[in-house]
Each structure stands twice: as structure tokens, then as C-alpha cells.
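Since this is a predicted model, take the numbers as computed values, not measurements.
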Amino acid sequence: MDTETALEFVKQGTTLLLLDVPQYTLIGIDTQMFSSGPNFKGLKMIPPGIHFIYYSSSNRDGREFSPIVGFFINANPSQIIVRIWDQKEERLVRLSEEEEERYSNAVKRLEFDKQLGPYTLSQYGEWKNLSNYITKDTIEKLEPIGGEISVVCESDMVGKFSKTAMDKALAEQLKNSKFSIPEDTSQKRVCYYTTIPRVVKQKGLCGKDLSNLNLDKTQLLESILMKEYGGDEDALLAELQFAFIAFLMGQSLEAFVQWKLLLSLLFGCTESPLYSRSRLFTKFIKVVYYQLQFGFQRDRKDASAVPEGVSLLDESWLSSDSFLHHLCKVNTFYITGFLFSGVGSSGG
């Protein structure tokens, strides 16, 4: 990229100025993760739109890491977002309006340019595949008070992991020293996810009718779509993407539970995919395809920046007791039919 083109990207893109970040802190944006060096001051050339910022502080030698904290942003062209590291709380915080304006003007004068890492534009297509349904409205509806998503704020979630060996392994992984969860429930700030019933219950129905409702969740899907999403199919897919990103990149247990519930709801439908909601399911399978494609890929260029224990998707997710294995086995007809239609060859 020539100097003139790069300068234009710097001016038109969003800049994320991160002040006083300690060395070895993990900083992530979308599908990219970095280990901060002594001169690191943030990121530049960020394309306008939805992004997920996440970070994890480390000890002095960069071997032990605190729980990840993440937040979504809706970046505007030429916007400058400023955060400063709070040493006591070990997190990024906002500045006063006056200070933020002063630093923003310094960014516009390119005073920090050499200390800002460029957003890897070649990975932007991959991020769009994971987040294309998420909008500003999605973030405002789902994000917790304060906007920060972290397993630290979900102290009551770990006990809910008791269904399968895979679920228990995930809970144990997040309970270890690198992801220690304090008992202080006053910190609880959770996302406002849509309530998805695990079992359909309806008064006045006989056992056979209730069984049919739970075997085919088409009626439940229709009810949730109209009541919670105003009939907007894309809003449901946006929540599915939001939960996946918050889980995989933000390490949120709550997000994992919601992602699992939404997958179970959609994969639990037998009539909708073929008749009333075929367009929704075409988009849904594509969303899941890109999620699993990204989650299971190996040999990533930025893998060296990721500490052992951060990646949560591995072969155990396809073991016989995994909910994904069960759902995919039950719905092989829909999945294989859609994949053979061409989505597998179009992915980034």
C-alpha cells in the first residue's frame, strides 16, 4: 500500500487510542489479537461499522492473564475513540470530555501515528461474515449496563454447567486460575438476552400435543419472533452472532448459554425450514457455517499472541455428548442440503 493510500485509510477509518496499556496486555479487535509492546498506543485504519474490542491484562512476564473484558462499538468514519488504562482496576476507562478532545486533536495531527498498529484489512471479510446482522440497535438492546462483557460479572453462571461432560469441561476451563471468578455478586452486569424456553409448556394440551410442540419448535419460534423481535428475522440472527462473539472472543459463559439456546431453538424446528421460514433458515445455516469455520480453524497468523487456554473450540465440541453433535446429527438433511447448494465454496 503506497503512502498516499495509507494516509487516506488513516483519515477515513476509526482510530482507537489506548493510553498507558501495560506491556504484554492482550488486545483484540474482531478476529485479530495482539500482545501490546512498550510503545503501543492503539489501532488505526479501523473500517466504519460494528466491531468488538476485548483485552486481558497479564503479569509481568506475560504468562498469566486476567479474565477477558470486551465491548462492542459502532464506529463512524474518522471517529476517534479514546480509553486510558486504570492501573488499580486493570481495565480501560473513559476520559473526561476535555481530555478526550485534547487527545483526539493530537491523533488528527498524527502525533500518535507511529505508535498505532494498523487494522489488518485482509481479515475484515472474515469479521463481516461473523457480524453482518449486528446493528447499533442490536448492541443497545443486548449490551449490559456500562457496555462491558466479562465472565467476572457472571459469578452465578458456572453452576449452571452440568448437562454434559463437554459443558462441565468448559465450566472447569473458565474456573481455572487464568479465568478466576470472584464471589462478589455486586459486580453482576449481564446482557439483556431474549428469554428462550428450554421446554414448551402450554395449559390445556394433552401429553401427545405437548410432546409434538417440543419435538417441532416451529410454533415456539413463531411466537418468539413476533413477540421479542417484532417479526424481524435478521434481529434474531443478530442476537445469535452477538452471543457467539461475546462467548468465543469475550469468554462469556452467559453468552455461551444464549448461543446454545438459540441454536437449539432453530435446529429444533422441522416444519419451518421447509415451509414458513425457509429464507430464515438459509441465512441461519450460513451464519452457523461461518461461526464454526472460524471457531475451528487452525494455524492463524495471530495465534502466537493468544495464551494457552483462551481458545475454547476444539474437537470435544463434536464429541458424541456435545449438543452440537446431537443437533447436527438430527438436522443433517437440512445442513448438507444447504452446504451442497454452495455456501461452503463462498466462505472467506
For a quick test of your reading: what N or O donor-acceptor pairs under 3.5 Å do the side chains of residues 273-281 make, sequence neighbours left out?
from	atom 1	to	atom 2	distance (Å)
Arg277	NE	Glu222	OE2	2.8
Arg277	NH1	Glu233	OE2	2.6
Arg277	NH2	Glu222	OE1	2.9

List the atom pairs, donor and acceptor, that lie under 3.5 Å between side-chain atoms in residues 96-103 and the rest of the protein, sequence neighbours left out.
from	atom 1	to	atom 2	distance (Å)
Ser96	OG	Glu99	N	3.3
Ser96	OG	Glu99	OE1	3.3

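Hydrophobic clustering (ILVMFWY, side-chain heavy atoms < 4.5 Å, transitive): Ile53 and Val69 are in one cluster.
Shortest non-hydrogen contact noted between Ala246 and Ala255 is CB-CB, 3.6 Å. Across all their heavy atoms, Leu263 and Val288 have their closest contact at CD2-CG2, 3.6 Å. Considering every non-hydrogen atom in both Tyr124 and Pro48, the closest pair reads OH-O, 3.5 Å. Here the shortest heavy-atom pairing between Leu116 and Leu43 reads CD2-N, 3.9 Å. Minimum interatomic distance between Ala75 and Pro47 (heavy atoms only, all atoms of both residues): CB-O, 4.3 Å. Across every non-hydrogen atom of Ile224 and Thr195, the tightest pair is CD1-O, 4.5 Å.
Annotation: ring-ring contact (aromatic ring centres under 6.0 Å, His included) contacts of Tyr119 (sequence neighbours excluded): His51. Remark: Tyr54 engages Phe52 in a ring-ring contact (aromatic ring centres under 6.0 Å, His included) (not counting sequence neighbours). With sequence neighbours excluded, no residue forms a side chain to side chain donor-acceptor pair (under 3.5 Å) with Asn74.
For the residue pair Glu90 / Ser66, no side-chain donor-acceptor distance below 3.5 Å is found, with atom types taken as modelled. A donor-acceptor contact under 3.5 angstrom links the side chains of Asn132 and Gln241, judged on distance only. No side-chain donor from either of Glu228 and Thr194 sits under 3.5 Å from a side-chain acceptor of the other.
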Quick one, Phe284 with Leu236, criterion side-chain contact (heavy atoms from CB on, under 4.5 Å). Give me CA distance, side-chain angles, the key distance, then yes/no. CA-CA 9 Å; Phe284 163 62; Leu236 184 150; over 6 Å; no

For the pair Phe34 and Leu26, evaluate side-chain contact (heavy atoms from CB on, under 4.5 Å) and give the outcome as yes or no after the intermediate values. CA-CA 6 Å; Phe34 317 90; Leu26 292 177; over 6 Å; no

When you look at Leu248 and Phe294, which way does the side-chain contact (heavy atoms from CB on, under 4.5 Å) test go after all the steps? CA-CA 10 Å; Leu248 190 67; Phe294 174 76; 3.5 Å; yes

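Paired with Glu111 under the rule salt bridge (Lys or Arg N to Asp or Glu O under 4.0 Å), one option of Arg109, Lys108, Lys114 passes, and it is Arg109.
Residues Leu261 and Val257 meet the side-chain proximity criterion, which asks for heavy atoms closer than 4.5 Å. Contact annotation: the side chain of Glu271 never approaches that of Gln219 to less than 4.5 Å [non-hydrogen atoms, C-beta and beyond]. By the 4.5 Å heavy-atom criterion applied to side chains, Ile73 and Gln79 are not counted as neighbours. In this structure the side chain of Ser56 reaches within 4.5 angstrom of the side chain of Ile68, judged on heavy atoms. Side-chain atoms of Ile245 and Trp127, non-hydrogen and from C-beta on, do get closer than 4.5 Å to each other. Proximity of Trp85 to Ser57: side-chain heavy atoms (C-beta onward) are separated by under 4.5 Å at one or more points. In this structure, the side chains of Tyr193 and Glu239 come closer than 4.5 Å at one or more pairs of heavy atoms. Contact annotation: the side chain of Ile134 approaches that of Phe72 to within less than 4.5 Å [non-hydrogen atoms, C-beta and beyond].
The distance between the ring centers of Tyr133 and Phe242 does not fall below 6.0 angstrom.
Atom CD1 of Ile145 has 12 or fewer neighbouring heavy atoms from other residues, nucleotides or ligands inside a 6.0 Å radius.
Between Ile27 atom CD1 and Leu92 atom CG the span is 6.0 Å, to the nearest 0.5 Å. Atom OG1 of Thr15 sits about 10.0 Å away from atom CE of Met45, to the nearest 0.5 Å. Remark: Leu18 CG to Thr25 OG1 distance equals 10.0 Å, nearest 0.5 Å. Note: Leu262 CG to Leu237 CG = 9.5 Å, rounded to the nearest 0.5 Å. Rounding to the nearest 0.5 Å places CG of Asp234 at 9.5 Å from OG1 of Thr135. One distance of note links OG1 of Thr138 with CD of Glu143; it measures 11.0 Å at 0.5 Å rounding.
Screening residues 19-41 for salt bridge (Lys or Arg N to Asp or Glu O under 4.0 Å) gives no qualifying pairs among residues at least two apart or on separate chains.
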